[in-house]
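Reviewing the structure listed below.
The sequence lines fix the lettering, A, B, ..., with proteins before strands; numbering per chain opens at 1. Computed from heavy atoms alone, side chains included, the values below leave out hydrogens, waters and symmetry copies.
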Amino acid sequence: MPYSEKVLDHYDHPKNVGSLDQTKSTVGTGLVSEPDWGDVMRLQIEINPATGVITDARFKTFGCGAAIAASSLTTEWIKGKTMDEALLLDNMDIVEELNLPPVKIHCSVLAENAIRAAINDYRKKNGLEALAFEEKVASYE
Amino acid sequence: MLKLPVYLDNNATTPCDPRVVEAMLPYFTETFGNAASRNHPFGWAAEEAVDYAREQVAKLVGAETKEIVFTSGATEADNLALKGVFESYASKGNHIITVATEHKAVLDTCKHLEKLGAAVTFLQVNHEGLIDLKELEAAITPKTILVSIMYANNETGVIYPIREISAITRRHGVLLMTDASQAVGKIPVDVNKDCVDIMAFSGHKMYGPKGVGALYIRRKSPRVKIAAQMDGGGHERGVRSGTLNVPGIVGLGKACEICRLEMDEEAKRLTILRDKLEKALLQMEQVYLNGAPGQRLPHVTNVSFKYVEGESLLMGFNKTIAVSSGSACTSASMEPSYVLKAMGVGDDLAHSSLRFGLGRFTTDEQIDYTIQAVNDTVNRLREISPLWEMFKDGIDLSSIEWAH
């Protein structure tokens with residue numbers, strides 16, 4: 001699988017690998033998988049409750065090089081953004097930035113779903129209703 | 001001296017032995033004749049070279065020269081054998097028995113024949129990749145014309161008990177075909193001792209050139225009939241028309257001769273290296289061997305590294321080490337290995353599998369280097385694997401409800 005330099009760089013030097021304290025009310029955890037592909041991504045975000053800003057983001061991912069790169073890139077992008085801003089991130093932005101081949105689009109969907117899951121986890125922990133999302137399915141020609 | 005990059009994908013293909021290339025070269029330029037040109041020295045020289053190669057090939061597998069048909073490779077040989085038998089034995093029956101872990105050249109040809117009216121039984125394998133011989137025998141019916149079972153599996157290196165299988169097929173008067181692409185030249189294969197009736201093999205798996213292979217077709221007790229699948233000039237006793245690939249055939253012959261003379265020593269050496277590699281990898285936590293341990297080719301090991309995905313594992317060292325993976329992400333079909341799945345290996349372990357295929361030019365230093373590189377990458381990826389963290393925390397992964 002020929003990958004772009006950016007994917008290889010994220011693979012060699014992944015950003016924001018690790019864990020946040022899952023028990024804290026300010027931490028949201030999204031654990032998502034793509035059962036057909038075997039990829040699993042866990043994204044954790046730490047929120048400033050006063051501003052809704054994501055102050056920290058960490059990931060751990062089981063998956064191919066594209067899944068690891070998409071995870072790493074996602075943590076970089078959402079740090080410092082508000083939750084609302086983070087939700088605007090579209091999986092195709094990841095595809096474009098990393099120049100992912102069509103068969104790897106599902107890896108970017110995984111990252112987008114992880115953001116949603118992490119934010120919803122935070123909302124539930126803090127007595128807010130979970131947001132409903134349209135299901136996004138990876139497709140390729 | 002460590003030579004990089006390290007090539008450990010010798011089940012996919014092998015490099016040509018320089019002695020093979022040397023033998024081939026004159027047949028491109030000076031001795032370029034068409035082996036079917038019967039009326040001038042150019043043709044005679046080519047024919048002579050083909051005859052000699054046929055002897056070299058036949059000798060390696062214990063066959064008669066007249067029983068060897070040259071093809072473009074094992075895929076063509078498999079197609080010719082299956083389709084040719086189906087056509088020739090139509091009056092006897094239409095039933096073929098094969099195994100779910102066969103190479104696609106056999107499986108897909110059988111599926112094609114199903115559309116033409118064949119009834120095909122695909123035997124299942126156990127967790128070691130082996131078939132139940134009682135099940136094989138029970139599957140044979142009066143309509144059965146052929147049993148097709150590979151000599152050794154390309155993904156796991158598991159060797160099938162061909163002699164026990166042929167005892168069954170002989171007892172029932174059914175033809176036995178074997179795709180021996182991975183076995184010929186690596187371990188002793190003898191069509192008479194093994195009682196094989198039809199056998200396909202390939203040059204490029206045994207340090208010969210690509211684009212050339214052979215089909216062994218038994219001529220007596222029983223005399224096997226295979227209907228030609230390509231019409232034309234009636235080459236190869238009418239079984240396989242097409243101008244002979246003389247340089248390729250010369251290369252295949254030379255490759256067979258080298259294997260015959262050096263196979264025993266080579267197998268001993270590779271067993272030591274393979275065992276060293278395998279032992280070191282299995283010492284890591286949560287690493288599993290795929291395939292029957294005591295019944296494998298000497299140069300192959302297939303191992304799953306749990307909680308690490310195969311493609312990302314390859315990325316950790318594929319600039320310097322070439323191996324292949326059963327992960328979906330590395331296959332053209334985007335499916336995990338059907339061989340491992342048929343063995344009941346779970347998706348998690350199938351995605352995490354690597355196949356190491358050692359070869360004639362693999363060195364001890366390269367194995368040491370590989371052990372270190374795989375260890376380092378597995379450890380690094382486990383550090384970023386959420387599944388590894390959960391495993392270490394004692395969380396049962398099957399208890400998790402996944403968000404998608």
Side-chain angles (χ1 to χ4, degrees), chain A residues 1-3 7-8 10-19 22 29-44 58-69 71-72 101-104 106-107 109-110 112-118 120-121 130 133 135-138 140, chain B residues 286 304-320 324-337 340-341 345-353 376-393 395 397-404:
Chain A
M1 184 66 60
Y3 279 132
V7 170
L8 298 179
H10 277 288
Y11 173 84
D12 286 333
H13 311 284
K15 311 294 188 299
N16 306 308
V17 171
S19 315
Q22 204 165 337
T29 301
L31 181 63
V32 294
S33 80
E34 278 274 349
D36 293 346
W37 306 87
D39 294 345
V40 177
M41 175 178 178
R42 189 190 65 193
L43 175 70
Q44 294 186 301
R58 299 284 151 148
F59 85 93
K60 282 201 176 187
T61 291
F62 166 93
C64 61
I68 291 170
S71 308
S72 168
V103 294
K104 295 293 182 183
H106 65 98
C107 300
V109 176
L110 189 73
E112 190 182 315
N113 287 339
I115 298 174
R116 295 165 167 189
N120 267 342
D121 181 58
F133 297 105
E135 179 140 359
K136 201 164 213 172
V137 179
Y140 64 93
Chain B
Q286 295 291 313
S304 287
F305 302 85
K306 207 169 179 186
Y307 310 116
V308 178
E309 192 276 330
E311 191 219 72
S312 61
L313 184 52
L314 289 183
M315 279 177 74
F317 45 74
N318 64 6
K319 289 189 197 81
T320 53
S324 70
S325 168
S327 159
C329 294
T330 61
S331 76
S333 63
M334 285 291 172
E335 297 277 344
S337 155
L340 297 182
K341 285 190 86 160
V345 174
D347 272 359
D348 53 343
L349 285 173
H351 284 298
S352 305
S353 70
D376 290 349
T377 309
V378 168
N379 289 331
R380 186 169 86 79
L381 290 176
R382 281 181 172 170
E383 282 308 308
I384 70 171
S385 166
L387 304 179
W388 178 250
E389 186 184 302
M390 287 182 242
F391 164 70
K392 282 285 164 186
D393 290 345
I395 297 169
L397 290 174
S398 60
S399 72
I400 293 172
E401 239 181 76
W402 301 99
H404 300 310

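Minimum interatomic distance between B:Glu389 and A:Arg42 (heavy atoms only, all atoms of both residues): OE2-NH1, 2.7 Å. Scanning both residues, B:Glu309 and A:Cys64, for their nearest heavy atoms gives OE1-CA, 3.1 Å. Nearest heavy atoms, B:Pro386 versus A:Phe62: CD-N, 3.3 Å.
With sequence neighbours excluded, no residue forms a side chain to side chain donor-acceptor pair (under 3.5 Å) with B:Asp348. Take B:Gln286 and apply the side chain to side chain donor-acceptor pair (under 3.5 Å) test, not counting sequence neighbours, and it matches B:Tyr288.
In this structure, the separation between CE on B:Met390 and CG on A:Leu31 is 4.5 Å, given to the nearest 0.5 Å.
Contact check for B:Glu383 versus A:Pro14: no side-chain heavy atoms found under the 4.5 Å cut-off. Residues B:Met315 and A:Asp12 are not in side-chain contact: their nearest non-hydrogen atoms beyond the backbone lie 4.5 Å or more apart. Considering only heavy atoms from C-beta on, B:Leu381 comes within 4.5 Å of A:Tyr11 through its side chain.
Proximity of a side-chain donor or acceptor of B:Ser312 to a complementary backbone N or O of A:Gly63 within less than 3.5 Å is detected.
Taking chain A as the reference chain and counting heavy-atom pairs below 4.5 Å, the highest number among B:Asn318, B:Val308, B:Leu313 is found for B:Val308.
Using a 4.5 Å cut-off between heavy atoms, A:Ser19 contacts chain B through its side chain alone, with no backbone atom that close.
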